[in-house]
Amino acid sequence: MAARLHDAAWPAWTPRQLTVPETGLADNLVVSARRYPQRTAVRFYGQDISYANLAQRVSRLAAHLHARGVQPGDRVLLDMQNSAIFIVACYAVMHAGGVVVPVNPMNMPDELRWMARDSGARVALVAQELWPRLQPLLSEGLLRHVVVAAYASDLPAQPQAAVPAEIAAPVQALDAPGLSLWADALRASPMPCVVRGGEDLAVLAYTSGTTGHPKGCMLSHRALQAAIWSLVVWNRWSADAVALATAPYFHITGMVGSMHVPLAVGASIALLPRWDREAAATLIAQQQVTHWTNIPTMVADLLALPGVEQRDFSSMVYIGGGGTAMPAAVAQRLHALTGLTYQEGWGLTEVCGAIHLNPPGGERRQCLGIPVFGVDTRVVAVDEPTRELPQGEHGELVTRCPSLFSGYWQLPEATEAAAIELGGQRYFRTGDIGYVDADGYFTMADRLKRMINASGYKVWPAEVEALLYHHEAIQEACVIGTQDPKRGETVKAVVVLKAGAVLSEADLIAWAREHMAAYKIPRVVAFVQALPKSGSGKIMWRQLQEAEDTSRR
């Protein structure tokens, strides 16, 4: 069977089974703080925060949230860039027994409003520069309480790298009904950690949807612990590791690989709120970074840094990630510079990140790797998903694993539609097309679902279309992907205007900047008289996509 083909590729020093803690994620930090109280947990532009200090902040903020009505199971919005305040906020929500709802900092008020309504979140933690986008939700009564934080509260007097303007912005004296400032919230008396674990929800992570709105993936403590400790064992993490955090924390890859994993083992995190290749190279050398989880475009940009050959990367023992395939030329140059082979993997939000990884010492380029602990991935026929395919044949990848989500939030039909039964077992349909070879390595071939991959960000056309229809001049819209030299793919909108309406490409793009996250914004707009439709009246997006692909060849 496909699930055992990879046995020969399994690293000799790695156990075949993994015992996962039954405790909750907040306990991981509590334990690390007891074990290593004086060890640096977070390094933010040269400002060190110890595990004891971090745990104390978490406990105080949790008490503030509890006093403002956050009960076990309550969802709480978290809208910040990578930072010490993000880590404190995330763990404080779980410490209080709540469920973290991570928000893309690029989201605009309409997107935030929908997410708050869908999740039922009544409390939010937001960074100061993002507060104006969230403010309407508080004034409208959709949210009852918001804590506003400033990154600058954690900056040293002399930062070790260039600090973006919004990160260095001084704390503002904001005041509004239902608003608390970060410093005031941290004055609460510490509270004990609420006992949560197993199937209790830890995170409600929204993944872009195929039907116009994102879907909330219910991630339990059980599932996230499985994902965390799988990476710990596979890539040999220890308390002496130093992680460079550049992948965004609101996304499952960064959240698990660059936050939960290092904190679970007592390692240190060197943080960057946004990607900056000069700052990254500086931190790697200064902080003696050992582990770096990223997306391949970051590596390509780092290697393009002038004088990169003179930089010190000798401390690094692991570089890997996913989101898009690593170009062979970039991987070769990385190996020549550092001696490290980029570890590609594969996963989804629904499985808490990577469930396939290339084995250390047995990596294959542009390959999804092999299933890790307890993961059983099969290849099935697209038109007959209950029929398993043999080695080498392309089909949809379906999987069952310890880190599988609990379903889509308030969408039981979507949850059922994403599952099939094989041999009496329930498998998740990933929508990815690939195949497995005779050695048990999996390779991606295509995506069954309609999706655009822009610099590692997954853009679902239906969601962008739903937002475009809010423009008063648009009668119909179809969103497709088009090739882009920097982003790989980017978003193209094919638009039919209402009779008599006048709208330019620049005007539509400017409107989109105010109504949707930056990575969703159409970079190319084509105005047409009519869109192709099927006999049932459905817009034939595939016909437009195929025509676009042909024109770009």
Give the intermediate values and the outcome of ring-ring contact (aromatic ring centres under 6.0 Å, His included) for residues Phe428 and Phe405.
-> CA-CA 9 Å; Phe428 171 68; Phe405 75 147; 5.4 Å; yes
Would you check, one step at a time, whether the test side chain to side chain donor-acceptor pair (under 3.5 Å) holds for Thr246 with Trp292?
-> CA-CA 8 Å; Thr246 59; Trp292 181 27; 2.8 Å; yes
Checking side chain to side chain contact (heavy atoms under 4.5 Å, CB included) for the pair Leu25/Gln225: CA distance, chi angles, key distance, verdict?
-> CA-CA 7 Å; Leu25 268 67; Gln225 289 282 40; 3.8 Å; yes
Starting from the C-alpha separation in whole Å, work towards a yes-or-no answer on side chain to side chain contact (heavy atoms under 4.5 Å, CB included) for Glu278 and Leu305.
-> CA-CA 7 Å; Glu278 174 63 39; Leu305 180 67; 3.7 Å; yes
Could you check Phe86 against Gln81 for side chain to side chain contact (heavy atoms under 4.5 Å, CB included), going step by step and ending with a plain yes or no?
-> CA-CA 7 Å; Phe86 187 110; Gln81 297 185 55; over 6 Å; no
Apply side chain to side chain donor-acceptor pair (under 3.5 Å) to the pair Tyr342 and Asn294, showing each step before the final yes or no.
-> CA-CA 10 Å; Tyr342 189 86; Asn294 53 59; 2.8 Å; yes
Apply side chain to side chain contact (heavy atoms under 4.5 Å, CB included) to the pair Arg113 and Leu142, showing each step before the final yes or no.
-> CA-CA 8 Å; Arg113 186 176 289 106; Leu142 188 57; 3.8 Å; yes
Verdict with reasoning, Tyr91 to His260, per ring-ring contact (aromatic ring centres under 6.0 Å, His included) | CA-CA 10 Å; Tyr91 275 81; His260 292 323; 5.5 Å; yes
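Two residues are said to be in side-chain contact when any heavy atoms from C-beta on lie closer than 4.5 Å; Tyr45 and Pro273 meet this criterion. Between Pro214 and Trp114 the shortest side-chain heavy-atom distance falls below 4.5 Å. Proximity of Glu344 to Cys367: side-chain heavy atoms (C-beta onward) are nowhere separated by under 4.5 Å. Met298 places none of its side-chain heavy atoms less than 4.5 Å from the side chain of Leu302. Counting heavy atoms from C-beta outward, Pro296 and Val330 have side chains that stay 4.5 Å or more apart. At least one side-chain heavy atom of His356 sits under 4.5 Å from a side-chain heavy atom of Thr377. Within the 4.5 Å cutoff, side-chain heavy atoms of Asp79 are placed close to those of Pro105. Within the 4.5 Å cutoff, the side chain of Val382 has heavy atoms near those of the Ile433 side chain.
Salt bridge absent: Glu111 and Arg133 never bring a charged side-chain N and a carboxylate O closer than 4.0 Å. In summary, Lys492 and Glu548 engage in a salt bridge, as defined by a charged side-chain N under 4.0 Å from a carboxylate O.
With rounding to the nearest 0.5 angstrom, the CZ atom of Arg43 is 13.5 Å from the CG atom of Leu272. Here the CD1 atom belonging to Ile480 is positioned 10.5 Å from the CD atom belonging to Glu546, to the nearest 0.5 angstrom. Note that the CG atom of Leu143 and the CG atom of Leu179 stand 11.0 Å from one another [nearest 0.5 Å]. Between the OH atom in Tyr427 and the OG1 atom in Thr399 there is a gap of 8.0 Å [rounded to 0.5 Å]. Atoms OG1 and CG, on Thr293 and Leu244 in that order, are 9.0 Å from each other to the nearest 0.5 Å. Note that the CZ atom of Arg400 and the CD1 atom of Ile355 stand 12.0 Å from one another [nearest 0.5 Å].
More than 12 heavy atoms of other residues, nucleotides or ligands sit less than 6.0 Å from atom CD of Glu140.
Using modelled atom types, no side-chain atom of Arg426 and backbone atom of Ile420 make a donor-acceptor pair closer than 3.5 Å. Arg222 contributes a side-chain N or O that, together with a main-chain N or O of Pro402, makes up a donor-acceptor pair within less than 3.5 Å. A donor-acceptor distance shorter than 3.5 angstrom exists from the side chain of Trp409 to the backbone of Asp118, with no hydrogens or angles considered. Between the His145 side chain and the Arg68 main chain, no donor and acceptor come within less than 3.5 Å of each other. Arg75 contributes a side-chain N or O that, together with a main-chain N or O of Gly73, makes up a donor-acceptor pair within less than 3.5 Å. Proximity of a side-chain donor or acceptor of Asn82 to a complementary backbone N or O of Tyr249 within less than 3.5 Å is detected. The backbone N or O of Gln172 sits less than 3.5 Å from a side-chain atom of Gln128, completing a donor-acceptor pair. Although no hydrogens or angles enter the test, the distance criterion places no donor-acceptor pair under 3.5 Å between the side chain of Tyr318 and the main chain of Gln343. Side-chain atoms of Thr349 never come within 3.5 Å of backbone atoms of Thr207 as a donor-acceptor pair (strictly under, hydrogens ignored). Not a single donor-acceptor pair under 3.5 Å links the side chain of His251 to the backbone N or O of Ala247.
Closest heavy-atom contact between Pro461 and Ile452: CG-CD1, 4.0 Å. Pairing each heavy atom of Ile85 with each of Ser153, the nearest pair is CG2-OG, 4.5 Å. Counting all heavy atoms, side chain and backbone alike, Leu503 lies closest to Phe527 at O-CZ, 3.3 Å. Across all their heavy atoms, Leu368 and Asn358 have their closest contact at C-ND2, 4.0 Å. Pairing each heavy atom of Pro170 with each of Ala152, the nearest pair is CA-CB, 4.5 Å. The shortest non-hydrogen separation linking Ile252 to Cys352 is CG1-C, 3.5 Å.
Relative ring orientation between Phe250 and Tyr457 is described as parallel, the plane-to-plane angle staying below 30° on a 0-90° scale split at 30° and 60°.
When each of Leu348, Val379, Val380 is paired with Leu397, the side-chain contact (heavy atoms from CB on, under 4.5 Å) condition holds for Val379 and for no other. Screening Glu416, Glu350, Lys215 against Tyr408 for a side chain to side chain donor-acceptor pair (under 3.5 Å) leaves a single residue, Glu350. Residue Phe44 is tested with Val163, Asp154, Ile269 for a side-chain contact (heavy atoms from CB on, under 4.5 Å); the sole match is Asp154.
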